[in-house]
Amino acid sequence: MKADKSDDELNDSHPELLVERGPHGRGVGRWVPDEKHLYLTRYLNATREARKKFKQRVLIDPFCGPGRIQVEGESFTRDGGSIAAYRESVASGAPFTHVLVGDIEGERARANELRLASTGATVQSFVGPANQTVDAMIQVIPFGALALAYIDPYNLEYLSFSIIERLAKLQYVDFAVHFSLMDLTRNIDMELDPKRDRFDHALPGWRSAVPTDALSKSSLPGWFFNAWCKAVGDLGFKVSGQMPLITDGKGRSIYRLVFFSRHPLPDRIWGDIARSRNLSLF
C-alpha cells in the first residue's frame, strides 16, 4: 500500500521499540490517524498565531502509548498522537516548549519519550496511572504556560474526572478529550448496579443523579454524556458544540472528540475545524 505520509512520519527513529497495534495485535483502526490525529494537528495549525504569543507552550498526554502506531492493513508504521502533535507544532512555527507524556507501562512511556526526543522535543515521561501521574506533570509546567491536555484513554473507565479537575487549575489550559461512546453504550445499564464501579470515576455520583425517565438503556448514554459535559462546564469551561463522532467504519460509534476551553478564541477555532463532522449524538 502506498503511504501518503511524509518521510519523517514514516521513518521510525527507534524501530526496535514497541509499536501500538491495537488490543488484538492486528493494527489500530484507520480512524486513529485519519480522524483522531487529524483533528488534533488541524487545531494546532489553526491556532499557531495565538500560541506564538505564549513563551511557554506545553502538550500534556497522560495516555501516550509507545509513540508509534501501525494501522490495520498497512505494512508501515506512523507517528502516535503526541509525536504527530509535536511535529505539527514545529511545522506551524509555534513548537511546544515542553511535552509531558505518561503511560501506565514504563516501556511504553519510555518509547514515546525516546521517539519524541529524536524529533527535537523537550520531553519528560511519567510512569503510572494517569490519575496519579497528572499531579507530577502539573508540578513541572511553567507558570503562565499555555497547555493543551490531550486526553485519550482506551475506554471510559480510565477517564477519571479528577484528571480534568486538577488540570483545570492551570492558568491557561485547553482540553481535547476522546470520550468512549462504545464503552458507555455497551455497559451503562450494567453499571447501574451499585456493586460495579467502572464509570464512577468518570462522573462521580452519577448513579444517584439519574432521573427516572432516563433509566432505559436507550436513554442512559445520552443522559450520562450530557451530565459529564455539564460537570466540565461547572469547572468554568465552555464545551464546544462541535464534537466529531468517530466511528469504526461499520456504522458503530466509538468516540466523541470533545473540546473545551475557557477562552472564546480556541473554542471558535475548534468549531471551524470540527463543524463538518458534528453528527447526531445517539
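In this text, all values refer to a predicted model and were calculated from it rather than measured experimentally.
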Take Ser162 and Arg166 through the test side-chain hydrogen bond (donor to acceptor under 3.5 Å, both in side chains) and record every step on the way to the result.
CA-CA 6 Å; Ser162 69; Arg166 283 174 280 174; 2.9 Å; yes
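- Checking Gln70, Arg78, Arg68, Arg108 one by one against Glu20, the side chain to side chain contact (heavy atoms under 4.5 Å, CB included) holds for a single residue, Arg108.
- For Glu107, the CD atom sits in a loose shell: 12 or fewer heavy atoms of surrounding residues, nucleotides or ligands are nearer than 6.0 Å.
- Heavy atoms of other residues, nucleotides or ligands lying less than 6.0 angstrom from CZ of Arg186 number 12 at most.
- Of the possible donor and acceptor atoms, none in the side chain of His14 sits under 3.5 Å from a partner among the backbone N and O of Glu16.
- Ring geometry, Phe179 versus Phe225: the interplanar angle exceeds 60°, so the pair is classed perpendicular (tilted spans 30 to 60°).
- Aromatic pair Tyr150/His178: centroids less than 6.0 angstrom apart.
- Using modelled atom types, one finds a donor on one side chain and an acceptor on the other under 3.5 Å when comparing Asp200 with Trp206.
- Taking the six-membered ring where the residue is Trp, Phe259 and Trp270 present parallel rings, their angle staying beneath 30° rather than reaching 60°.
- Counting only distance, with no hydrogens or angles, the side chain of Ser219 and the backbone of Ser216 share no donor-acceptor pair below 3.5 Å.
- More than 12 non-hydrogen atoms from other residues, nucleotides or ligands lie less than 6.0 angstrom from CZ of Phe126.
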One pair to check against side chain to side chain contact (heavy atoms under 4.5 Å, CB included): Phe224 and Leu203. What are the steps and the verdict?
CA-CA 8 Å; Phe224 189 103; Leu203 186 60; 3.6 Å; yes
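- Salt-bridge annotation for Arg198 and Asp183: present, with a side-chain N of the basic residue lying under 4.0 Å from a carboxylate O of the acidic one.
- Arg207 contributes a side-chain N or O that, together with a main-chain N or O of Glu191, makes up a donor-acceptor pair within less than 3.5 Å.
- The aromatic rings of Phe260 and Phe237 stand perpendicular to each other, their planes meeting at an angle above 60°, with 30° marking the opposite boundary.
- Annotation: side chain of His98 is not in contact with side chain of Gln124 (no heavy-atom distance under 4.5 Å).
- Counting only distance, with no hydrogens or angles, the side chain of Arg57 and the backbone of Pro95 share a donor-acceptor pair below 3.5 Å.
- Within 6.0 Å of the NE2 atom in His201, the count of heavy atoms belonging to other residues, nucleotides or ligands does not exceed 12.
- Proximity of a side-chain donor or acceptor of Asp103 to a complementary backbone N or O of Gly65 within less than 3.5 Å is detected.
- Taking a 6.0 Å sphere around NZ of Lys52, one finds it holds more than 12 heavy atoms contributed by other residues, nucleotides or ligands.
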Quick one: do Ser82 and Asn112 satisfy side-chain hydrogen bond (donor to acceptor under 3.5 Å, both in side chains)? Show the steps, please.
CA-CA 8 Å; Ser82 53; Asn112 198 306; 3.2 Å; yes
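- Arg51 forms a cation-pi arrangement with Phe96, by the criterion of a distance under 6.0 Å to the ring centre and an angle within 45° of the ring axis.
- Residues Leu184 and Met190 fall into different hydrophobic clusters, defined by Ile, Leu, Val, Met, Phe, Trp and Tyr side chains chained together at heavy-atom separations under 4.5 Å.
- No donor-acceptor pair closer than 3.5 Å links the side chain of Asn45 to the backbone N or O of Thr41.
- A salt bridge links Arg30 to Glu74: at least one charged side-chain nitrogen sits closer than 4.0 Å to a carboxylate oxygen.
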